[in-house]
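Below, chain A is the first sequence line, B the second, and so on; all start at residue 1.
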There are 2 protein chains.
Amino acid sequence: MELSKTSYVILGMLRTRTHTGYEIKSIVDHSTRFFWAASYGQIYPELKRLEEAGLVKGEAEAQGARQRRSFSLTPEGRRELEDWISSGEPLRFELRHEGLLRFFFADVVDPAEQLELVRDMREMHERTRTEMEAIRPHAEEARAERGQEFPLKTLEFGIAYQEFMADWCSRMEREIHKETGD
Amino acid sequence: MELSKTSYVILGMLRTRTHTGYEIKSIVDHSTRFFWAASYGQIYPELKRLEEAGLVKGEAEAQGARQRRSFSLTPEGRRELEDWISSGEPLRFELRHEGLLRFFFADVVDPAEQLELVRDMREMHERTRTEMEAIRPHAEEARAERGQEFPLKTLEFGIAYQEFMADWCSRMEREIHKETGD
DNA sequence: TATAGCATGTAATTAGTTACATGATTAA
DNA sequence: TTAATCATGTAACTAATTACATGCTATA
């Protein structure tokens, strides 16, 4: 069975304990979504496929009349996850940035609009940074209670990344302002 | 007509002069593809739609028996491009980074593998940086000959960005090494 | 008692890549 | 003469989002 990146997100989320599809979605939304998102439309069908492939095991945990299936990693699933992290396969990355795309073509508009664009970009990155700061307690808890170092390191990277982007925007604001001004 | 980001890439590429679909593809591959890619499978059908919408105009420029259609911006197309750059619509951005995704889950493998992962990530970003440096002459030419400031600024951002990523990887290498060592 | 959150899932749509098919021209 | 590059386009596929549909449970 061919595993997609999203399959690995799911396997990874089950590395410490069992979770429902719903829980996986909300953990993703508080962690990996900044560099790898996943929707219900991917998670539920993928959980089914992973179960068929013997990499996860679902167990009914109904609470009263509410249906609920918790999934756990099988030994094969864990091996698959570890192999993927250790595999030397090329690491792809992709940035899709609408602001940068507009910026690239910004010679066709005048400085006032150029300035507005970079200002909007900076604000967006500052907002995302704030959003990430709000998540920090989660990552600190994961470290304190489950000994996980990497979610926090990853979050700290994310914050530094947003800062880097916002700083670059500030620099561009100054550069453009110089031309507009005197 | 609803325009996608890729539509704007095409309009943008025609801002200074006419181009064929083939040329647009190769310019994209030397510029915006680092934050917005486009394939032939998008470009040719999209050029057709843009022409039907009156935003670009194609002209046959056959050289002997070889077919060739060059497209130019119509006044409406230019306005559409300018409006998009100036519009205050939310600027979306998305990072998909397989290395970071593995890193997030890296608690499940041992330090030797963690180290290998960040090393691979660093090397990838250094390679991309080198690739971008190779493009610099193109962007400098655009500035010198067509007065375009923004493609060069964007490229310089790209280079700084790759450096930032590579530096962070180096820092992680040192951090992990400390734990592996003594 | 009503709203927010928990929970599962599918269908339709959109976006995008890859592979394929074809052929001309230029430079080594 | 052959390989690289120029040039156009479609078909099949893959990935992913969004909207929809359903219903339970806890809490304010």
Side-chain angles (χ1 to χ4, degrees), chain A residues 1-10 13-14 18-30 32-52 56 58-71 90 92-98 101, chain B residues 1-10 13-14 18-30 32-52 56 58-71 90 92-98 101:
Chain A
M1 184 205 184
E2 197 63 31
L3 296 186
S4 66
K5 299 310 155 242
T6 305
S7 322
Y8 291 112
V9 173
I10 294 172
M13 289 307 173
L14 301 176
T18 67
H19 287 291
T20 64
Y22 183 84
E23 286 170 340
I24 290 172
K25 166 68 172 154
S26 67
I27 301 171
V28 165
D29 285 345
H30 289 85
T32 62
R33 73 143 157 147
F34 294 106
F35 49 91
W36 213 287
S39 62
Y40 288 126
Q42 289 172 278
I43 292 171
Y44 284 111
E46 190 57 33
L47 275 170
K48 196 190 275 183
R49 276 195 295 273
L50 290 171
E51 187 168 30
E52 282 161 13
V56 306
E59 220 171 328
E61 267 184 17
Q63 295 175 327
R66 183 201 273 169
Q67 57 175 332
R68 185 185 149 97
R69 297 232 310 145
S70 265
F71 292 86
R92 317 217 137 274
F93 87 101
E94 210 189 302
L95 173 66
R96 308 210 114 204
H97 198 300
E98 203 185 315
L101 186 59
Chain B
M1 185 207 183
E2 196 63 29
L3 297 185
S4 66
K5 300 309 155 241
T6 306
S7 321
Y8 291 113
V9 172
I10 293 172
M13 290 306 172
L14 301 176
T18 67
H19 287 291
T20 63
Y22 182 84
E23 285 169 340
I24 290 172
K25 165 69 172 154
S26 67
I27 300 170
V28 166
D29 286 346
H30 288 85
T32 63
R33 72 142 156 146
F34 293 107
F35 49 91
W36 213 285
S39 62
Y40 289 126
Q42 289 171 277
I43 293 170
Y44 284 112
E46 191 57 32
L47 275 169
K48 196 189 274 181
R49 277 194 295 273
L50 290 170
E51 187 167 32
E52 281 160 15
V56 306
E59 222 171 328
E61 268 184 16
Q63 294 175 329
R66 182 202 275 171
Q67 58 175 331
R68 186 184 150 95
R69 298 233 308 148
S70 265
F71 292 86
R92 316 216 139 276
F93 88 100
E94 209 190 301
L95 174 65
R96 305 211 117 203
H97 198 299
E98 203 185 316
L101 186 58

Rounded distance (Å) that lies between atom C1' of C/dA7 and atom CD1 of A/Ile43
12 Å
A/Trp36 backbone acceptor or donor facing A/Lys5 side chain under 3.5 Å:
no
Stepwise side chain to side chain contact (heavy atoms under 4.5 Å, CB included) check, A/Leu3 with A/Tyr8:
CA-CA 7 Å; A/Leu3 296 186; A/Tyr8 291 112; 3.7 Å; yes
Given ring pair (Phe, Tyr, Trp, His ring centres under 6.0 Å), test B/His97 with A/Phe93 step by step and report yes or no.
CA-CA 4 Å; B/His97 198 299; A/Phe93 87 101; 5.5 Å; yes
Should B/Val9 and B/Ile24 be marked as a side chain to side chain contact (heavy atoms under 4.5 Å, CB included) after you check the CA-CA gap, both sets of side-chain angles, and the distance that decides it?
CA-CA 9 Å; B/Val9 172; B/Ile24 290 172; 5.6 Å; no
So, is A/Thr20 close to the C/dT8 phosphate, meaning a side-chain N or O under 4.0 Å from OP1 or OP2?
yes
Presence of A/Tyr22 side-chain N/O under 4.0 Å of C/dT8 phosphate oxygens OP1/OP2
no
Going 5' to 3' through nucleotides 9-26 of chain C, assign each nucleotide B (protein heavy atom under 4.0 Å from a base atom), S (under 4.0 Å only from sugar-phosphate atoms) or - (no protein heavy atom that close).
BB-----SBB-----BS-
Which sits closer to the 5' end of DNA chain D, B/Glu94 or B/Arg68, going by the nucleotide each is nearest to?
B/Arg68
Protein-nucleotide distance (B/Arg92, atom CZ; D/dT17, atom C1'), rounded to Å:
12 Å
Atom CZ of A/Arg33 and atom C1' of D/dT17 are separated, to the nearest Å, by 15 Å
A/Lys25 NZ to C/dC6 P: how many Å, rounded?
13 Å
Are the side chain of B/Gln42 and the backbone of B/Ser39 linked by a donor-acceptor contact shorter than 3.5 Å?
yes
How long is the line joining CZ of A/Arg49 and C1' of D/dA16, in whole Å?
12 Å
Does a side chain donor of either B/Thr6 or B/Glu46 reach within less than 3.5 Å of an acceptor in the other side chain?
no
Would you work out how much the helix from C/dT1-D/dA28 to C/dA28-D/dT1 bends between its ends, with each end axis defined by five base pairs, to 10 degrees?
30°
Atom-pair distance (CD1 on B/Ile24; C1' on D/dC6), nearest Å
15 Å
Tell me, with the steps shown, if B/Glu23 and B/Arg68 meet salt bridge (Lys or Arg N to Asp or Glu O under 4.0 Å).
CA-CA 11 Å; B/Glu23 285 169 340; B/Arg68 186 184 150 95; 3.7 Å; yes
Reference residue A/Arg69; test side chain to side chain donor-acceptor pair (under 3.5 Å); the match among A/Glu61, A/Glu51, A/Glu59:
A/Glu51
Salt-bridged, A/Glu98 to A/Arg96, with N to O below 4.0 Å?
no
For A/His19 and C/dC6, what is the distance between atoms NE2 and C1' respectively, to the nearest whole Å?
15 Å
